[in-house]
Colleague: 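Attaching a single structure in structure tokens format; questions to follow.
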Amino acid sequence: MGTEVSNLVEKMFDAFAMTSGTSYVFMCDIKKNYSKWSLKAVEYFGLPGEYMEDAGGIWEERMHPEDRVIHHKQIEEAFSGKRDSVDAEYRVMDKEGNYVVCTCKGKVIRDDAGEPAYFAGTIWNHGVIDNIDPATNLYNQYEFFHALELLKGKKQPIAIMVLGIKRFSEINEIYGYTLGNKVLRELAKKFMSILKDESWVYRLDGTRYGIICNVRDDKSLREMYQSLQNMARHEITLQGEKVTVDLCGGAVVTENYGLDVHDIYAKAKYGLDASKNEKHGELVIVHDDGNISVNNKENIEILNEIRNCVANQCEGFYLCYQPFVSSISEKLLGMEVLLRWKKEPYGNVPPDRFIPWLERDACFFDLGNWILEEAFKEGKKILTRYPDFVININLSYAQLERSEFRKCLVELLEKTAFPARNLCLELTERCRLLDLTFLRNEIIFLKSYGIKVVLDDFGTGFSSLNLLRELPIDGIKIDRGFVSDITTNCKNQSIVKAVTTCAKELDLNVCVEGIEDEDMKNFMGNFNSSSYQGYYYSRPVGMDEFKQLSFY
Ligand code: C2E
Ligand code: CA
Ligand code: CA
């Protein structure tokens, strides 16, 4: 361009290029495909130079493969005169290999004959922002929900597929966490290469992937899934060794635009669970007529009823409280809040029966907020008597994963004037399926408010000693499964000894759950723990009864 563009234009270009560190200007002579770009962009992205031939091609190489198609199409149309402006958002790799999100807006300038002559515009660099999953470089679940909102807004039929990995914990155990992440990245890359045009892949919570599909009929969805499944089984390698990855998948096809995006996702997860638990990994598709293939009809009925109740100001729900005491003085330290639901003709339905299901439902978030608010109000009354009293509230993963969670929690604390230092959140088993970095950041946020965080049911499922080191938690609760036969079961004795010793080394509190009698309590005296909870002290009871407890 140098000689082509007049001095004045060059000077104007330089003036604009200087104005901001995170927006760049570019100008391209279309016929020669010769461009000038801001020096700042050249430096940031490690481009060959300010003046470039085929800058579009060079730029595209740095672009996330998934975003290239749309960008390419827009530029081609602009250069051939089919469109006058370009407006695109995409991910581009910077010098260090991190993807950043950029928005590009450009205009075609035509010559006297009306032919496209120049293409000029601005690129905004939004920086490394948290809508990209660092492990796979895919957009994360926030973007997934955002994209679903957009589709809903445009009233476009929606087809999403959610993919899970069977026994991923085994892959992590065999190869370790870092290589496990490599598998996730490999899969992401291969998914993208298979799913070319206009199907979008996202990394969701845990080891799930979400796809917004460009096909919507059952046959095409099954074909798409089949090719992804075959690839995962046969084409993933780690350090030259083949790793067999077994997928399971659920899909939702819907034209019901009244559905919340989280409900759409919840439906896909039902499909995913059915695929995993009943269909040996076959794709389960859920349609608007609501045929969800799960085996227990009665359960679904109760679940629907419970869901209605949540929508109806949490009708039928109430809270029980179970004390925990100091392991040394046996004085009252705090209480755990436990949810109950009662409604005829179902009677009292224990939380174990509905929480694991309900957690996957979008409505759980509202219920979770109701639990928090109720517990804060009730708990506050105790604080006048015991200023250091702690209330432990179980937190579901359906709450943590929502971007609004932080704001809601802080608002509820303020609304009820409950002091954050008297709150302890128990992270249940499934919370740990969230991405470790995400989980860490959430815990750091909670702690910055003075809220305590403990891992519940430690020793079961996915909990590993590694988590104790990686997460800035205050303590753990040892699952009662290890404690129920502690006086006689040598294996459990060894496990409890190892876990309590390790926790002590790391300066973590240990609460032992399920203390049912004096023998158990006395035996636990052999280990380092800070507090005891269990029927021996009290069953979970209502607040009035709680205040009648002998040690209150
Ligand atoms: P959890 O968090 O491990 O809660 C402790 C469970 O052990 C409670 O069952 C409690 O009643 C029971 N338990 C306490 N002491 C003893 C004992 O000495 N012996 C025996 N056998 N059991 C004892 P519950 O209330 O049925 O709750 C079951 C699970 O439901 C909870 O396990 C928790 O995972 C979930 N849950 C309960 N309330 C909530 C809630 O508000 N939010 C969430 N996300 N989950 C909840
Ligand atoms: Ca708990
Ligand atoms: Ca527990």
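Atoms within each ligand, like the ligands themselves, are counted from 1 in listed order. For reference, positions follow the sequence shown, starting with 1.
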Colleague: Which heavy atom in Arg340 sits nearest to a heavy atom in Cys320, and how many Å separate them?
Modeller: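 Looking at all heavy atoms of both residues, the shortest contact is CG-SG, 3.8 Å.
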Colleague: Using the ring of each side chain (for Trp, its six-membered ring), is Phe317 parallel, tilted or perpendicular to Phe354, with breaks at 30° and 60°?
Modeller: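 Ring orientation, 0 to 90° scale: perpendicular.
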Colleague: One residue to check: Asp457. Relative to ligand 1, which of side chain, backbone, both or neither has a non-hydrogen atom less than 4.0 Å away?
Modeller: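 Asp457 to ligand 1: side-chain contact only, backbone stays beyond 4.0 Å.
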Colleague: Asn394 to ligand 1: N or O pair under 3.5 Å?
Modeller: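 Yes, Asn394 has an N/O under 3.5 Å of an N/O on ligand 1.
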Colleague: Using a plain distance cutoff, I'd like to know if Leu339 has any nitrogen or oxygen under 3.5 Å from a nitrogen or oxygen of ligand 1.
Modeller: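 The answer is yes, given that Leu339 and ligand 1 share an N or O pair closer than 3.5 Å.
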Colleague: Classify the angle between the aromatic ring planes of Phe418 and Phe376 as parallel (below 30°), tilted (30 to 60°) or perpendicular (above 60°).
Modeller: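 The arrangement is parallel - the two ring planes meet at less than 30°.
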Colleague: Quick one: nearest non-hydrogen protein atom to atom 34 (O) of ligand 1, plus distance?
Modeller: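 Ranked first by proximity to atom 34 (O) of ligand 1 is Thr428 CG2, 3.9 Å.
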Colleague: Closest to the Ca ion (ligand 3), which N/O/S atom of Asp457 is it?
Modeller: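 Of all N, O or S atoms belonging to Asp457, OD1 is the one nearest the Ca ion (ligand 3).
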Colleague: For atom CG of Asn348, is the number of surrounding heavy atoms from other residues, nucleotides or ligands below 6.0 Å larger than 12?
Modeller: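 Counting neighbours around CG of Asn348, more than 12 heavy atoms of other residues, nucleotides or ligands fall under 6.0 Å, so yes.
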Colleague: If I compare all heavy atoms of Val512 with all of Ser529, which pair ends up nearest, and what's the gap?
Modeller: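 So the minimum-distance heavy-atom pair works out to CG2-CB, 3.7 Å.
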Colleague: Considering distance alone, does some N or O of Arg480 sit under 3.5 Å from an N or O of ligand 1?
Modeller: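 It does: an N or O of Arg480 is found under 3.5 Å from an N or O of ligand 1.
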Colleague: Using heavy atoms and a threshold below 4.0 Å, how should the contact between Gln533 and ligand 1 be classified: side chain, backbone, both, or neither?
Modeller: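 Contact part for Gln533 vs ligand 1: neither.
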Colleague: Side chain, backbone, both or neither: which part of Leu338 has a heavy atom under 4.0 Å from ligand 1?
Modeller: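 Both backbone and side chain.
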Colleague: Is the NZ atom of Lys182 crowded by more than 12 outside heavy atoms at less than 6.0 Å?
Modeller: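 Atom NZ in Lys182 is not crowded, with 12 or fewer foreign heavy atoms closer than 6.0 Å.
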Colleague: Of the non-hydrogen atoms in Gln313 and Trp370, which two are nearest, and what is the gap between them?
Modeller: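 Residues Gln313 and Trp370, closest heavy atoms: O-NE1, 4.4 Å.
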Colleague: With heavy atoms of Pro540 as the reference, note each atom of ligand 1 found under 4.0 Å away.
Modeller: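 This gives 11 (O) as the contact atoms.
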Colleague: Please list the nearest protein heavy atom to atom 16 (C) of ligand 1 with its residue and the distance rounded to 0.1 Å.
Modeller: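 So the nearest neighbour among protein heavy atoms is Tyr535 CE2, 3.2 Å.
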Colleague: Kindly assign one of parallel, tilted or perpendicular to the pair Phe144 and Tyr265, based on the angle between their ring planes and the thresholds 30° and 60°.
Modeller: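 Phe144 and Tyr265: perpendicular rings.
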Colleague: Answer with side chain, backbone, both or neither: which part of Glu513 has a heavy atom less than 4.0 angstrom from an atom of ligand 1?
Modeller: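 Looking at Glu513 and ligand 1, just side chain atoms fall under 4.0 Å.
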Colleague: Assess the residue pair Glu315 and Lys343 against the criterion (salt bridge (Lys or Arg N to Asp or Glu O under 4.0 Å)); give the C-alpha distance rounded to whole Å, side-chain angles, the decisive distance to 0.1 Å, and a yes or no.
Modeller: CA-CA 9 Å; Glu315 184 198 346; Lys343 190 162 187 215; 3.6 Å; yes
Colleague: By number and element, which atoms of ligand 1 are closer than 4.0 Å to a non-hydrogen atom of Ile371?
Modeller: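 Every atom of ligand 1 under 4.0 Å from some heavy atom of Ile371: 41 (O).
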Colleague: For the Ca ion (ligand 2), give me the closest N/O/S atom belonging to Glu336, just the atom name.
Modeller: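 Looking at Glu336, the N, O or S atom with the least distance to the Ca ion (ligand 2) is OE2.
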Colleague: Should one rank Ile355, Leu395, Leu427, Leu358 by closest heavy-atom distance to atom 39 (C) of ligand 1, which comes out on top?
Modeller: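 Residue with the shortest heavy-atom distance to the ligand atom: Ile355.
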Colleague: Search all heavy atoms of Tyr321 against all heavy atoms of Glu374 and return the closest pair with its distance.
Modeller: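 Smallest heavy-atom distance, with atoms named: OH-O, 4.5 Å.
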Colleague: At under 4.0 Å between heavy atoms, is it the side chain or the backbone of Asp456 that contacts ligand 1, or both, or neither?
Modeller: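 Near ligand 1, Asp456 shows its side chain, while the N, CA, C and O stay back.
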Colleague: Under 4.0 Å from any heavy atom of Gln322, which atoms of ligand 1 are there?
Modeller: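 Contacts of ligand 1 toward Gln322, numbered from 1: 14 (C), 15 (N).
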Colleague: To check you understand the geometry: which heavy-atom pair defines the closest contact between Asn394 and Gln399, and what is its length?
Modeller: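 Nearest heavy atoms, Asn394 then Gln399: O-OE1, 4.1 Å.
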Colleague: For Asp456, what is the atom name of its N, O or S atom nearest to the Ca ion (ligand 2)?
Modeller: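 For Asp456, the N/O/S atom sitting closest to the Ca ion (ligand 2) is OD2.
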Colleague: Tell me which one of Gln399, Glu426, Glu516, Met520 gets a heavy atom nearest to atom 19 (N) of ligand 1.
Modeller: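 Heavy atom nearest to atom 19 (N) of ligand 1 belongs to Glu516.
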Colleague: Does a side-chain N-to-carboxylate-O contact under 4.0 Å join Arg203 and Asp133?
Modeller: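 So Arg203 pairs with Asp133 through a salt bridge.
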Colleague: Could you check whether Glu470 pairs with Arg440 (Lys NZ or Arg NE/NH1/NH2 to Asp/Glu carboxylate O, under 4.0 Å)?
Modeller: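 Salt bridge absent between Glu470 and Arg440.
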Colleague: So, does Pro350 sit close enough to ligand 1 that a heavy atom of it is under 4.0 Å from the ligand?
Modeller: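 The answer is no: ligand 1 sits nowhere under 4.0 Å from a heavy atom of Pro350.
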Colleague: Side chain or backbone of Glu336 under 4.0 Å from ligand 1, or both, or neither, by non-hydrogen atoms?
Modeller: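 It is the side chain that gets close, since no backbone atom is under 4.0 Å.
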Colleague: Any Lys/Arg nitrogen of Glu373 or Lys377 sitting under 4.0 Å from an Asp/Glu carboxylate oxygen of the other?
Modeller: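 So Glu373 pairs with Lys377 through a salt bridge.
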Colleague: Taking atom NZ of Lys504 as the centre, does the number of heavy atoms from other residues, nucleotides or ligands within less than 6.0 Å exceed 12?
Modeller: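 Atom NZ in Lys504 is not packed in, count stays at 12 or less.
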Colleague: Would Glu426 count as a contact for the Ca ion (ligand 2), in the sense that one of its N, O or S atoms lies under 3.0 Å from it?
Modeller: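 Of the N, O and S atoms in Glu426, at least one lies under 3.0 Å from the Ca ion (ligand 2), which means yes.
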Colleague: Quick check on Glu545: does its CD atom have over 12 non-hydrogen neighbours (other residues, nucleotides or ligands) under 6.0 Å away?
Modeller: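 Count not over threshold, so no.
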Colleague: May I ask you to identify the nearest protein heavy atom to atom 29 (C) of ligand 1, giving residue, atom name and distance to one decimal place in Å?
Modeller: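 The closest heavy atom on the protein side is Asp352 OD1, 3.2 Å.
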Colleague: Flag Asn392 as yes if one of its N/O/S atoms falls below 3.0 Å of the Ca ion (ligand 2), otherwise no.
Modeller: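 Within the cut-off used here (under 3.0 Å), Asn392 places no N, O or S atom near the Ca ion (ligand 2).
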Colleague: Can you pull out the closest protein heavy atom to atom 24 (P) of ligand 1? Residue, atom name and distance to 0.1 Å, please.
Modeller: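 Result for atom 24 (P) of ligand 1: Pro351 CG, 3.7 Å.
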Colleague: Heavy-atom contact under 4.0 Å between Arg539 and ligand 1?
Modeller: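 Outside the 4.0 Å threshold, so no.
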Colleague: Got a sec: does the NZ of Lys547 have more than 12 other heavy atoms crowding it under 6.0 Å?
Modeller: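 More than 12 within 6.0 Å, yes.
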Colleague: Please work out, at 4.0 Å between heavy atoms, whether the side chain, the backbone, both, or neither of Lys477 comes within that distance of ligand 1.
Modeller: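 Neither; nothing of Lys477 gets under 4.0 Å from ligand 1.
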Colleague: Is the distance between the Ca ion (ligand 3) and the nearest N/O/S atom of Glu513 smaller than 3.0 Å?
Modeller: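 Within the cut-off used here (under 3.0 Å), Glu513 does place an N, O or S atom near the Ca ion (ligand 3).
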Colleague: Quick check on atom 2 (O) of ligand 1 - does any protein heavy atom sit closer than 4.0 Å to it?
Modeller: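 Under the 4.0 Å cut-off, atom 2 (O) of ligand 1 does have protein heavy-atom neighbours.
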Colleague: Is at least one protein non-hydrogen atom found at under 4.0 angstrom from atom 27 (O) of ligand 1?
Modeller: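 Yes, at least one protein heavy atom sits under 4.0 Å from atom 27 (O) of ligand 1.
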